[in-house]
Protein chains: 2
Amino acid sequence: MARVSLKFLASELGLAEGTVSRALNDYPDISEATRTRVKALADQYDYRANHSARRLATGVAEAVAYLMPPNTGSISEPFVAQLLTGLGQSLATRGWDLLVVQSPSAEQEGDAIRRLASSGKVSGVVLSRPYKEDARIKLLQEVGLPFIVHGRAQNYADYAWYDVDSETAFMDAVDHLAMLGHRRIGFIGAPTYYNFAQTRLDGFRKGVMHNGLPADEALIEIGEIGDSGGERAASVLLSSAKQPTAILCATDTQAIGALAAARARNLTPGQDISIIGYDGLDIGRHTNPPLTTMAQPQAYSGRQIGDMLLAIIDGGSPTDFQELRSAELVRRLSDGPLRPTTLETNIFHGGKK
Amino acid sequence: MARVSLKFLASELGLAEGTVSRALNDYPDISEATRTRVKALADQYDYRANHSARRLATGVAEAVAYLMPPNTGSISEPFVAQLLTGLGQSLATRGWDLLVVQSPSAEQEGDAIRRLASSGKVSGVVLSRPYKEDARIKLLQEVGLPFIVHGRAQNYADYAWYDVDSETAFMDAVDHLAMLGHRRIGFIGAPTYYNFAQTRLDGFRKGVMHNGLPADEALIEIGEIGDSGGERAASVLLSSAKQPTAILCATDTQAIGALAAARARNLTPGQDISIIGYDGLDIGRHTNPPLTTMAQPQAYSGRQIGDMLLAIIDGGSPTDFQELRSAELVRRLSDGPLRPTTLETNIFHGGKK
DNA sequence: CTTGATTCCGAAAGCGCTTTCGGAATAGCG
DNA sequence: CGCTATTCCGAAAGCGCTTTCGGAATCAAG
């Protein structure tokens, strides 16, 4: 692992360091002849500029940080790997690095951001899963570090973001269920300090109103993200007297928990009760029954977010980079038309036997 | 975002740059008085040493890379986020950075490693999910970059690794099934260029032999990692004339696919057929039925791997850092005793009606 | 053959930090 | 009070690269 330096190449070639550097970086004041000569030797020695030196000299970090959502340890985030892969691909087009940074706790995220900014380690940041009121966004704006948000906060006018329109998706899902005859539609949400959770709840409510359905707060239950949270929330909804005939879940993992809760009550999802998730997780194909879900274009996002961030770092105006994608309903087998008998049974006996 | 420099602090304090630097880094030749004075001002200005400059001067990268397994984009890797979180925690104890690097294809991983080594970007690497014969390991040894492998290759004598003893786990699982009366035990494996796949298959075979069960290659089916691969493999096993009464799967996601395949054939897992997975995924609690699985101590691994790598970077001998954890069987409801009737039915009709 | 414009490269400064070295100031000792 | 041993800090070199600037060599034109 002989770490080759510019100086070495220069002496080997009988050139000055500066000349070699400019040759390697395609400066126009270097003759074609020496340029190729230099590059050949660099290749041969597998030369790679020391990044720290280069960064120090140029002042550009050539790296971007992904702020890992706090408290990720316990939950296995299905999307993180995919997002990182996409980001990495985007950055690779320039040879930039991808840093993963996290803070020990949500409270200390501000410090982590401040540290990032003042150390000059990165030229940009991607922030995931914002809160409704997100201090991190304000902070990033203050310190002047280019950034893009994966998702949106409540106020999303003056920064760059990439999001999926889950509000519309949930409205559509309510439409869909209403069309199937459902009138008592339940909603399992996530903690509403997450803005995505609020958005989906809003979409649900609008859908309910739009379809002229009874807006009953008892049909709304908030649970933790994840299958256990979904199961608990579904249990609450299903054991209430005014049991819903369909349930919309804020995430697929919650929906999987809800499926389990339904089966535990001898309700067959797709027949006795409709359950729809959101995310489009592959694993939903093999749940029992296969999960109807609103699928978002995941594969695409990381790459796109990276490209957008790079454009901003290059001087683009953040507000020019706000992209809203839409989700689409993927019907599998966990939803179905309202069955009158089910409804009646539910009403009179609080659940199917 | 006034980026404060050493020079600025020095002039502000009426000291030399070098003195300020040594004060900040707790050199013993600085009086307590000026040390506190310096640190106070540094605090006040939220001073953070420019990382590139520091790295250049010291020659240590203060960063570690995680080599993202190739082809991760399509699959949602449930473990990556958790591993990264643990790694990050470990690195945070020193203020080091975590880089995520990937190569466009498996073939180009060598280049990626070489680039890492010659650019001096990182002082160490963690490699995941090794192949049986893993050229990356040899390469890392050649270039002299400290590293640790999450998992083991076939030959695992001369480098550092952290692994879970899945061979024993699968032997135990066969024992368990044999004790329940099963004799025709199937195995759904992953592609055996992954060493973990080979290991689990080996464990299965040893278990079969150890229990004096018929070693029938037709009971072994290799599928892709993931639920769809598991479903396909299970379909093959279940439609063969010599249908197994129990199936061991190399991963939980495969097992989830296998559960679906069984249900599709009107076999009730846990009763008509036993299905056991490996990984201990949370979501297995809410499959139908809840999945019996061999759980590995996930939460612990990232942190531990990071600590081990740091110790090696500090000069520890890689072979002193080889840690084998064990998995434990978590019984849920997808396994059960052999039911003679089922067996007969299977034999005569190739499946329960 | 002289002159002015080009082409190409060397020299040197500087990015912000660390670290060695030497020396001034102070302390300890006889 | 003089001398050596300590304590503490300043000065300067250097990490490996980029980039500006100026000058030597080459060219074309007069």
Side-chain angles (χ1 to χ4, degrees), chain A residues 1-39 41-42 45-63 95 97 115 117-123, chain B residues 1-39 41-42 45-63 95 97 115 117-123:
Chain A
M1 193 189 56
R3 201 157 290 177
V4 182
S5 69
L6 252 197
K7 194 197 298 191
F8 173 80
L9 286 186
S11 79
E12 200 80 346
L13 289 159
L15 290 175
E17 279 186 53
T19 306
V20 177
S21 169
R22 277 170 314 180
L24 255 18
N25 292 322
D26 291 323
Y27 272 57
D29 67 341
I30 299 293
S31 73
E32 196 50 40
T34 71
R35 187 199 317 291
T36 56
R37 202 160 67 91
V38 168
K39 288 197 172 176
L41 196 74
Y45 281 107
D46 201 35
Y47 169 77
R48 215 80 60 175
N50 177 306
H51 243 65
S52 303
R54 152 179 272 255
R55 286 175 186 175
L56 181 56
T58 60
V60 346
E62 302 198 340
D97 291 334
R115 206 173 313 131
S118 56
S119 72
K121 274 193 254 203
V122 298
S123 359
Chain B
M1 192 190 56
R3 199 157 292 177
V4 182
S5 69
L6 253 198
K7 194 197 298 191
F8 174 80
L9 286 186
S11 79
E12 200 79 347
L13 289 160
L15 291 174
E17 279 185 54
T19 307
V20 177
S21 168
R22 277 171 318 192
L24 256 17
N25 292 320
D26 290 323
Y27 272 56
D29 66 342
I30 299 292
S31 73
E32 196 50 41
T34 70
R35 188 200 316 294
T36 56
R37 201 160 67 91
V38 168
K39 287 196 172 176
L41 196 75
Y45 281 107
D46 202 35
Y47 169 77
R48 215 80 59 175
N50 177 306
H51 243 64
S52 302
R54 152 179 272 255
R55 285 174 187 175
L56 182 56
T58 60
V60 344
E62 301 198 339
D97 291 334
R115 207 172 314 130
S118 56
S119 73
K121 274 192 251 199
V122 298
S123 356

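First the proteins, then the strands, lettered A, B, ... as listed; each starts at 1. These figures come from a predicted structure and were not determined experimentally. All heavy atoms count here, side chains included; hydrogens, waters and symmetry mates do not.
Inter-residue side-chain proximity for Val122(B) and His51(A) is flagged as unmet; no heavy-atom pair is nearer than 4.5 Å.
Note: Lys121(A) NZ to Arg55(B) CZ = 6.5 Å, rounded to the nearest 0.5 Å. Rounded to the nearest 0.5 angstrom, Arg48(B) CZ and Ser119(A) OG are separated by 8.0 Å. A distance of 5.0 Å separates CG in Leu13(B) from CG in Leu41(B), rounded to the nearest 0.5 Å. With values rounded to the nearest 0.5 angstrom, Ser52(B) atom OG is found 11.5 Å from Arg54(A) atom CZ.
With sequence neighbours left out, Ala42(B) forms a side-chain contact (heavy atoms from CB on, under 4.5 Å) with Leu9(B), Leu24(B), Tyr47(B). Evaluation of the side-chain contact (heavy atoms from CB on, under 4.5 Å) rule for Ala53(A) yields Asn50(A), Leu56(B) as partners, not counting sequence neighbours.
Relative to the axis of its first five pairs, the axis of the last five pairs of the helix from dA5(C)-dT26(D) to dG30(C)-dC1(D) sits at 50°, rounded to 10 degrees.
Using a distance-only test at 3.5 Å, with no hydrogens or angles considered, no donor-acceptor pair links the side chain of Ser21(A) to the main chain of Glu17(A). Remark: the backbone N or O of Ile30(A) is paired with a side-chain donor or acceptor of Arg35(A) at under 3.5 angstrom.
On the nucleic acid side, DNA chain D contacts chain A at distances under 4.0 Å to non-hydrogen atoms, with the end points of that region at dG16(D) to dC21(D).
For DNA chain C, the residues of residues 46-62 of chain B within the heavy-atom distance limit of 4.0 Å (strictly under) are Tyr47(B), Ala49(B), Asn50(B), Ala53(B), Arg54(B), Ala57(B), Thr58(B), sorted by number. Residues of residues 20-32 of chain A that place a heavy atom closer than 4.0 Å to DNA chain C, in numerical order, are Arg22(A), Asp29(A), Ile30(A), Ser31(A).
Taking every heavy atom of both residues into account, Ala61(A) and Gly120(A) meet most closely at CB-O, 3.5 Å. What you find for Ala16(B) and Ala10(B) is that their closest heavy atoms are C-CB, 3.9 Å.
Residue Gly120(B) is out of contact with every strand shown, counting any heavy-atom pair closer than 4.0 Å.
Between Leu6(A) and Thr19(B), the residue whose closest nucleotide on DNA chain D is further toward the 5' end is Thr19(B). Mapping Gly18(A) and Gly18(B) onto DNA chain C by nearest heavy atom places Gly18(A) at the nucleotide closer to the 5' end.
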